[in-house]
Amino acid sequence: MHDFAATVVAWYHANRRDLPWRRDGFTPWGTLVSEFMLQQTPVSRVIPRLEEWLTRWPTPADLAAVPPGEAVRAWKSLGYPRRALWLHSAAVAITERHGGVVPEDVDALLALPGIGDYTARAVAVFAYGNRHPVVDTNIRRVIARAVDGQAEPGPPSRRDLTAMEALLPEDRPASAAFNAGMMELGAIVCVARTPRCDECPLAAQCAWRRAGYPPYEGPRKATQKRYEGSDRQVRGRILAELRAAHVPVTDAELEGVWPDAAQRDRALAGLLADGLAVAAEGGYTLP
DNA sequence: GAAACGTGGCA
DNA sequence: TTGCCAAGTTT
């Protein structure tokens, strides 16, 4: 029963993928950047952007020294570009308030823009080896199945942190490996659509398997809105235009990116409100 | 707690 | 083709 964690840790050490943020000598700043990029974005899309980013800005001070628009431009099409803005702001705060060193204290990390419960603990654990429960979508799914016997986790809750804490080994290095191992298990074995239960190290202890794989009964996730034709798509189109241009983009040019004027105006207003675009002489630019 | 917030790949 | 999913955070 309590070899649950030991099983995950042993499996992790034997099966972990070779990813950039697991290389020897990877810096806390690199971990922070990777965690920002990995928020809601698949590993395969993150890796090339991460390598470019760390080559160009190897420290927080390097990023803090350029305008935020440069971060938005380098973000390219990773999605959710406010993350680039938040990462830039975080770099400024780290440079000004933390002497250029990524903090390892969870509360200090939580105080930075764009960092929530997941990212703060991920940095504290993966960059510094501290002992905290890390909870992401993978871990929520593994716990739901292996521990709770449910096909899917319920809605996210602060109680998820408590559940993970209860499973966490006391030993610091083991607790870090357990966090990483649970995420890895959810990412490559206990996946959302077609779990590979025949390859799972927890199969013998899995409550969901023991119960006969009952289907999920709880509240349904809200269905994701269609992207084609959405305000999000229009924002993306306008921002792509601003990223590509190095002089202000005019209203006339923006008319070409989306025909519906009302929707275009709404999207532009949103970008301006978010600080992803600024009014300039004759048009709009990145900040 | 719900809704908003990008983009791309896969079944 | 459509729907689901992807290392979440903010308001």
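Protein chains get the first letters and strands the later ones, always in sequence-line order, with residue 1 at the start of each.
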Any residue in residues 142-155 of chain A with a heavy atom nearer than 4.0 angstrom to DNA chain C? Just list them by number, or reply none.
none
Any residue of residues 156-191 of chain A with a heavy atom less than 4.0 Å from an atom of DNA chain C:
Met183(A)
Does [N] have its OP1 or OP2 closer than 4.0 Å to a side-chain nitrogen or oxygen of [X]?
| X | N | result |
| --- | --- | --- |
| Arg226(A) | dT2(C) | yes |
| Lys225(A) | dA4(B) | yes |
| Arg45(A) | dA6(C) | no |
| Tyr118(A) | dA7(C) | no |
| Thr223(A) | dC4(C) | no |

For [N], does the base pair up with any side-chain atom of [X] as donor and acceptor (N or O, under 3.5 Å, distance only)?
| X | N | result |
| --- | --- | --- |
| Gln224(A) | dT7(B) | yes |
| Arg193(A) | dC5(C) | no |
| Thr137(A) | dG8(C) | no |

How would you label the contact of [X] with the nucleic acid (heavy atoms, under 4.0 Å): base, sugar-phosphate, or nothing?
| X | value |
| --- | --- |
| Asp117(A) | sugar-phosphate |
| Arg266(A) | nothing |
| Tyr227(A) | base |
| Gly79(A) | base |
| Thr119(A) | sugar-phosphate |
| Ala192(A) | sugar-phosphate |
| Leu239(A) | nothing |

Measuring only the [atom1] atom in each nucleotide, how far is [N] from [M]? A whole number of Å is fine.
| N | M | atom1 | result |
| --- | --- | --- | --- |
| dC4(C) | dA3(B) | P | 16 Å |
| dT9(C) | dG8(B) | P | 23 Å |
| dA11(B) | dA7(C) | P | 16 Å |

Of Ser77(A) and Ala222(A), the one whose nearest nucleotide on DNA chain B sits closer to the 5' end is Ala222(A)
First encountered from the 5' end of DNA chain B, between Ser44(A) and Asp231(A):
Asp231(A)
Atom pair distance, as rounded to whole Å: [atom1] in [X] and [atom2] in [N]:
| X | N | atom1 | atom2 | answer |
| --- | --- | --- | --- | --- |
| Arg141(A) | dG8(C) | CZ | C1' | 15 Å |
| Leu87(A) | dT9(C) | CG | P | 13 Å |
| Leu276(A) | dA4(B) | CG | C1' | 13 Å |
| Trp75(A) | dG6(B) | CH2 | P | 12 Å |
| Arg140(A) | dA6(C) | CZ | C1' | 14 Å |
| Lys221(A) | dA3(B) | NZ | C1' | 16 Å |
| Leu50(A) | dA7(C) | CG | P | 16 Å |
| Gln40(A) | dT7(B) | CD | C1' | 12 Å |

In plain terms, say whether [X] and [Y] are close enough for a salt bridge, that is, a side-chain N and a carboxylate O under 4.0 Å apart.
| X | Y | answer |
| --- | --- | --- |
| Arg266(A) | Asp231(A) | yes |
| Glu51(A) | Arg56(A) | no |
| Arg158(A) | Asp117(A) | yes |
| Glu165(A) | Arg159(A) | no |
| Asp274(A) | Arg235(A) | yes |

Hey, are [Y] and [X] close enough side-chain-wise for a donor-acceptor pair under 3.5 Å?
| X | Y | value |
| --- | --- | --- |
| Tyr118(A) | Glu35(A) | yes |
| Glu170(A) | Ser175(A) | no |
| Asp62(A) | Thr59(A) | yes |
| Trp208(A) | Gln150(A) | no |
| Glu104(A) | Asn130(A) | yes |

Just so I know, are the side chains of Leu112(A) and Ile94(A) near enough to count as touching, which here means a heavy-atom distance under 4.5 Å?
yes
Kindly say whether the aromatic ring centers of Trp29(A) and Trp57(A) come within a distance under 6.0 Å.
no
Judged by each residue's nearest nucleotide on DNA chain C, which is more toward the 5′ side, Arg17(A) or Trp86(A)?
Arg17(A)
